[in-house]
Amino acid sequence: MATLSISRHLIIFAPNLCTKPTLIVSKSSTQEQHRTAPVSESQVSDSVPGPEGTGPAAPSRGQIFLERHRTLETAKLVAKESKKSKKELKKEKPKASIVVASCYGCGAPLQTSDSEAPGYVDTETYELKKKHHQLRTVLCGRCRLLSHGHMITAVGGNGGYSGGKQFVTAEQLREKLSHLCQEKALIVKLVSGSYLIFACDVDIVDFNGSFLARVRDLAGANPIILVVTKIDLLPKGTDLNCVGDWVVEATTKKKLNVLSVHLTSSKSLVGIAGVASEIQKEKKGRDVYILGSANVGKSAFINALLKIMTQKDPAAAAAQRYKPIQSAVPGTTLGPIQINAFLGGGKIYDTPGVHLHHRQAAVVHSEDLPALAPQSRLRGHCFPKSQAAFEDGTAGEVKSNGLAGFSIFWGGLVRIDILKVLPETCLTFYGPKALQIHMVQTNKADEFYQKELGVQLVPPSGKERAADWGGLETERQLHISFEDMERPVCDVAISGLGWISVEPMSKSKRLSGRELEEAGRELHLTVHVPKPVEVFVRPPIPVGKAGAEWYQYRELTEKEEEVRPKWYF
């Protein structure tokens with residue numbers, strides 16, 4: 001059977017990548033007698049001519065990476081079109097072109113064939129923009145909905161996601177970015193609760209849950225700027241010097257080439273100017289990649305960065321017109337987005353967030369996602385000091401015997417059984433205010449959970465979603481030893497939610513040495529969470545005014561002082 005060559009049905013334009021998007025036009029043929037063979041990724045990548053230019057005009061590795069990504073995405077669309085039957089091809093009218101140009105909001109390749117998939121643009125809009133050479137200004141339908149507050153899921157086939165059209169796994173992103181470890185680049189890594197710049201991002205509220213595993217595999221020997229964002233959510237009175245030292249201690253063990261750590265807030269712009277200055281100083285003509293887990297705040301960070309850079313760089317001011325879309329939905333960014341933000345060469349690349357299956361966002365319904373994101377400064381809810389919601393009228397028993405024998409529910413997502421603690425042991429919860437905390441006797445906890453799930457214990461919200469809820473299937477036993485009663489012994493961090501600070505003894509009362517030995521120097525807890533969610537036990541993060549009082553800076557050798565990254569805010 002005769003095969004159909006790609007060149008017969010594809011018209012490939014390869015202009016300068018920096019100025020115009022590359023287009024691949026696919027036409028339906030009513031005279032085709034045979035079904036076309038699928039087009040493999042290797043065939044397309046081999047057949048597409050490389051970008052032109054040599055010497056100073058040669059494309060950067062980042063541009064080559066972006067072009068290859070777009071070409072492979074187009075190959076998939078072309079292959080999908082080629083699988084249609086002869087009967088369908090005869091009936092089908094010539095349709096709008098399938099393009100490789102990407103939506104500037106999410107990075108998804110623009111297409112006109114599937115209105116339910118990311119990157120969809122109606123034919124009329126596409127043709128008009130193409131006619132005026134304005135495809136780079138196109139925002140797809142999904143991004144328009146996201147920009148107006150709609151919760152459009154992007155990730156499918158896992159946990160509470162009902163199904164999306166695109167899903168970027170950690171392995172897929174590593175494959176797409178595998179060239180980074182061979183080339184010279186500046187990486188900003190974001191971490192939540194803080195976010196870290198790699199430039200890498202990490203969320204400070206969910207530091208452990210949002211930190212990408214195997215970052216070193218991607219970064220290689222490239223320098224990393226670690227950006228911790230959302231510091232505006234930390235409790236009032238927090239000493240950021242203590243937090244900065246804590247973050248450096250936590251990341252030093254990972255043996256990364258971290259240049260510096262920046263404590264920032266994309267909302268208030270605190271610390272953003274320092275990051276911009278560091279990037280300008282260290283990039284040296286290299287491309288800058290923003291990495292982080294899904295929903296960690298990469299797009300919000302980039303928007304804040306562009307706002308600060310606009311004051312000195314006209315290129316950043318122009319880039320602000322077409323900024324990446326930001327939303328509460330994990331996986332908002334679906335493809336790499338190139339941002340021309342520097343006059344002196346080099347580009348910023350916003351990358352798809354890695355979907356981490358062990359975070360709470362992977363199991364809750366999309367409409368419950370906003371409940372997981374703190375919107376204001378965190379306040380610790382302490383038990384048994386605070387006015388707990390005692391469901392069975394046992395306040396007197398808690399006051400006299402402590403928390404032993406009780407279970408604490410954090411919404412419908414976490415249950416902590418307190419098996420063995422001291423009479424004065426305190427648990428302080430730091431997380432979203434939308435999740436209510438309830439306490440019952442452990443022997444009544446199962447009954448209470450079944451009765452109140454979807455009612456008082458939310459998320460999941462509503463009895464219908466509660467009926468489909470998998471429950472708290474993962475159980476982790478924690479045996480926590482302690483020596484120092486003057487400070488919290490540890491944090492129990494719930495991936496994608498927040499953390500619980502465990503304080504062996506309250507400051508209001510201290511046991512004598514004999515009483516302490518009789519009670520034992522171990523605390524026993526059992527933590528129940530949904531099946532994929534992870535529980536981390538870590539050194540306590542020093543937050544609030546009390547944190548600065550008990551936090552201890554480690555004594556460093558001269559060599560450690562020399563190589564240890566500095567923190568800024």
Side-chain angles (χ1 to χ4, degrees), residues 145-146 148-155 158-162 164 192-193 195 203-210 229-230 232-235 267 293-297 300 326-332 353 355-381 388-389 408-416 428-439 448-449 452-472 474 492-500 527-535:
L145 291 175
L146 287 173
H148 287 86
H150 293 267
M151 304 299 289
I152 311 297
T153 56
V155 182
N158 189 20
Y161 294 107
S162 56
S192 176
Y195 297 118
D203 184 346
I204 194 63
V205 178
D206 185 29
F207 186 89
N208 297 83
S210 63
T229 190
K230 298 186 182 178
D232 55 311
L233 297 180
L234 293 176
K267 183 177 181 180
S293 62
N295 213 33
V296 79
Q326 56 188 88
S327 77
V329 177
T332 298
H355 177 69
L356 301 179
H357 70 282
H358 58 72
R359 303 182 75 196
Q360 290 282 6
V363 298
V364 303
H365 192 277
S366 61
E367 294 183 7
D368 286 329
L369 287 174
L372 301 183
Q375 301 299 322
S376 58
R377 192 179 293 276
L378 297 178
R379 293 183 62 186
H381 294 275
I408 301 178
F409 288 96
W410 202 356
L413 303 177
V414 182
R415 166 182 164 182
I416 300 178
T428 306
F429 289 70
Y430 294 93
K433 294 180 181 179
L435 269 67
Q436 296 183 7
I437 302 175
H438 300 271
M439 193 161 97
F448 177 74
Y449 188 73
E452 299 298 338
L453 185 64
V455 183
Q456 292 190 65
L457 301 178
V458 294
S461 57
K463 281 295 184 180
E464 291 185 3
R465 289 178 192 157
D468 298 329
W469 180 247
L472 308 179
T474 298
V492 178
I494 311 298
S495 183
L497 185 60
W499 75 94
I500 304 107
V527 182
H528 306 260
V529 291
K531 190 171 184 179
V533 175
E534 288 193 12
V535 178

Q: Please lay out, stage by stage, how Ile500 and Thr428 fare under the test side-chain contact (heavy atoms from CB on, under 4.5 Å).
A: CA-CA 5 Å; Ile500 304 107; Thr428 306; 6.0 Å; no
Q | Side chains of Leu413 and Val529 in contact at under 4.5 Å (non-hydrogen atoms) | A | no
Q: Answer yes or no: is there a side-chain heavy-atom contact under 4.5 Å between Ser376 and Leu233?
A: no
(Q) Lys531: which residues meet the side chain to side chain donor-acceptor pair (under 3.5 Å) condition with it, sequence neighbours left out? (A) none
Q | Closest approach of Gly471 to Tyr449 (non-hydrogen atoms, all atoms of both residues) | A | CA-OH, 4.3 Å
**Q.** Closest heavy-atom pair and its distance - Pro432, Ala373
**A.** CG-N, 4.4 Å
Q. Closest heavy-atom contact between Val458 and Leu435?
A. O-CG, 4.1 Å
Q) Given side chains that start at C-beta, do those of Asp468 and His365 come closer than 4.5 Å, heavy atoms only? A) no
(Q) Can you tell me how the ring of Tyr430 sits relative to the ring of Trp499, calling it parallel under 30°, perpendicular over 60° and tilted otherwise? (A) parallel
Q: Would you check if the side chain of Arg377 reaches a backbone N or O of Leu234 as a donor-acceptor pair within less than 3.5 Å?
A: yes
Q) Do His438 and Phe448 have side chains that get closer than 4.5 Å, going by heavy atoms? A) yes
(Q) Is any side-chain heavy atom of Val414 closer than 4.5 Å to one of Phe429? (A) no
